[in-house]
Amino acid sequence: MTTVSARPITGHSPEGSPLGSPWPASARSVSGGELLVGGVGLAEAADRFGTPLYVLDEAEVRARCRAYREALPQAEVLYAAKAFLCSAMADWVAEEGLGLDVCSAGELRLAAAAGFPPQRMLLHGNAKTPEELRLARRLRVDRIVIDGLAEIPRLAALAIADVPQRVLVRVLPGVAAGHHAAVRTGVDGQKFGFRIEGGDAAEAIERVLVQPSLRLVGLHCHLGSQITEVEPYLAALDRLVGLLAGIRDRHGVELPELDLGGGHGVRYLPGDQELEPADFAARVTERLLARCAEYGLALPRLVVEPGRAIAAPAGVAVYRVLSVKHTADGRVYAAVDGGMSDNPRPALYGSGYTVRLVGRGSGTAPTRTDVVGRHCEAGDVLVHDAMLPAGLRAGDLLAVPAAGAYQLSMASGYNLVGRPAVVAVRDGRARLLIRRETVEDFRAREVGR
Ligand code: LLP
């Protein structure tokens, strides 16, 4: 770990004006157009570490973990590592008392190597490799989510009755929710989970229950991602509690856990809705109490798996403008040094973002500008119709908030541009967490020609 900036930022008033969501709570605009996050100037960080740069506000991650713990003191909160994972992130989440939801051997190994206890992890995935299951067993991952019939004997063979593997069965509550069809996973007709309708879920449950080396501890579902209303969770809860009652009636067992997955939405644009942990907690808890009372069931422990809601608001992406093109038909394209290789979300889902000039005063009136990436595709547009100063020029810095989830974790090696560096900021200090990927990293993987 390299602490590169231990100096206080100079020349700015320490207070500045808060920017508000979707920027991190610590974001302050100060004199000269500088923007402080975690007390660190983004322009100064860009000069020091280069661009594109991903800045993670450690206090924002921690505050968001704490908000979940406080809102759901009886529940188990697992951070969904797929949103973004590195060793520092694993540390923060562990220290704040959350567990971890992992979906691959890579996430599992990285977190375990960082010291995250596997006994606080849950592994899920629709296509786990035999090696992943073996690794999970060897490291004693606490729970594994069953997502296919073939997994049941495979996992049963790896476990032994003396030390049974705790499992959940992933079911489809038949609830459609989420920002894009590609992430709506709670409905029939896609690859995840077992349908309740038609008996697939009942069959999986039965097959798990007869395995002496597996212990069924609950039901799991995940509706989708970037959900901003509580209603879909209530609808799913109704279906799952009904199924819990059915299992009790048929098999005489009351399962102690109910995992509602993740999907909690955040603000990307200033007017966006977000799912408030406190509101979610109050309404889900009330509904769970009511439904369990109706069926005469003991209250299962609630499990939630927020990823984006913990990581996205803590991240800010900083790009340098490489060129500004004004066309005869009145369009303005500001091309930056990143793009779909560090943030594929606009190209994949049409996701919207906001963007702001940092590092100098704007001076000129805002004009409609498309912030485009540097990749060889017309669809490589990071922000459509951004309002940026008319005098924007090459060399300027642009910052994009809500960049902490599903950007770095989905970043690619396209055009061999290399994935960006990641810096953590806290109390006016910045430290490099992940260095920029270079062509030497690509070359290092080449072992033949
Ligand atoms: N649990 C399960 C089983 C999941 O599949 C996911 C996300 C989560 C939890 C966490 O969901 P979150 O709270 O972060 O929404 N690449 C897409 C998002 C894909 C989410 C996949 N599963 C995007 O950029 O919007």
Side-chain angles (χ1 to χ4, degrees), residues 61 64-65 67-68 72 76-85 89 93 98-104 107 121-128 143-148 167-173 175 177-187 190-194 218-230 232-233 236 240 257-268 272 274-277 280 302-315 317 340 342-353 382 400 402-412:
V61 171
R64 287 182 168 263
C65 292
Y68 272 98
L72 289 159
E76 189 177 2
V77 185
L78 307 174
Y79 168 63
K82 59 179 73 60
F84 172 66
L85 184 65
M89 191 77 184
V93 165
L98 271 58
L100 200 67
D101 152 13
V102 295
C103 71
S104 69
E107 291 179 358
M121 291 188 204
L122 169 146
L123 172 72
H124 74 88
N126 71 303
K128 306 172 198 79
R143 277 154 298 169
I144 297 179
V145 180
I146 301 281
D147 199 340
V167 300
L168 292 97
V169 168
R170 179 162 177 171
V171 300
L172 297 177
V175 176
H179 71 93
H180 189 277
V183 303
R184 287 183 205 126
T185 51
V187 280
Q190 45 79 45
K191 66 181 183 174
F192 292 102
F194 295 97
L219 298 177
H220 177 279
C221 73
H222 173 72
L223 303 181
S225 207
Q226 184 60 9
I227 301 168
T228 53
E229 309 279 346
V230 181
Y233 292 98
L240 265 58
E257 289 187 14
L258 190 60
D259 188 334
L260 291 181
H264 305 180
V266 303
R267 282 194 196 101
Y268 283 92
D272 282 356
E274 70 176 348
L275 195 79
E276 283 283 342
F280 171 88
L302 197 64
V303 183
V304 291
E305 305 170 350
R308 187 192 313 266
I310 305 276
M340 64 195 297
D342 65 271
N343 183 7
R345 301 191 67 258
L348 273 177
Y349 318 116
S351 308
Y353 284 87
L382 286 173
V400 175
Y406 302 112
Q407 295 184 200
L408 293 164
S409 65
M410 297 203 298
S412 75

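Atoms within a ligand are numbered from 1 in the order they appear, just like the ligands themselves.
Not close to ligand 1: Gln407, with no non-hydrogen atom less than 4.0 angstrom away. Close to ligand 1: Arg170, with a non-hydrogen atom less than 4.0 angstrom away.
Of the candidates His222, Arg308, Met410, the one placing a heavy atom closest to atom 8 (C) of ligand 1 is His222.
Atom 15 (O) of ligand 1 has Ser225 OG, 2.3 Å as its closest protein atom, hydrogens excluded (heavy atom only). For atom 17 (C) of ligand 1, the closest non-hydrogen atom of the protein is Tyr349 OH, 3.1 Å. Summary of contacts: the protein heavy atom closest to atom 21 (C) of ligand 1 is Lys82 CD, 3.8 Å. The protein heavy-atom contact nearest to atom 12 (P) of ligand 1 is Gly263 N, 3.3 Å. Protein heavy atom at the shortest distance from atom 24 (O) of ligand 1 is Arg345 NE, 2.6 Å.
Contacts between Asp101 and ligand 1, counted as non-hydrogen atom pairs separated by less than 4.0 Å, involve the side chain only. The part of Pro306 lying near ligand 1 is the backbone, judged by heavy-atom distances below 4.0 Å. Heavy atoms of Glu305 found under 4.0 angstrom from ligand 1 belong to the backbone as well as the side chain.
Against a heavy-atom cut-off of under 4.0 Å, His264 is close to the following atoms of ligand 1: 13 (O).
Between the side chains of Tyr353 and Gln407, at least one donor N or O lies within less than 3.5 Å of an accepting N or O. A donor-acceptor contact closer than 3.5 angstrom is absent between the side chains of His124 and Asp147.
At least one donor-acceptor pair closer than 3.5 Å links the side chain of Arg64 to the backbone N or O of Ala309. With hydrogens and angles disregarded, no donor-acceptor distance shorter than 3.5 Å links the side chain of Thr228 to the backbone of Gly265.
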Subject >> Working for side-chain contact (heavy atoms from CB on, under 4.5 Å), residues Val304 and Leu72 >> reply: CA-CA 9 Å; Val304 291; Leu72 289 159; 3.9 Å; yes
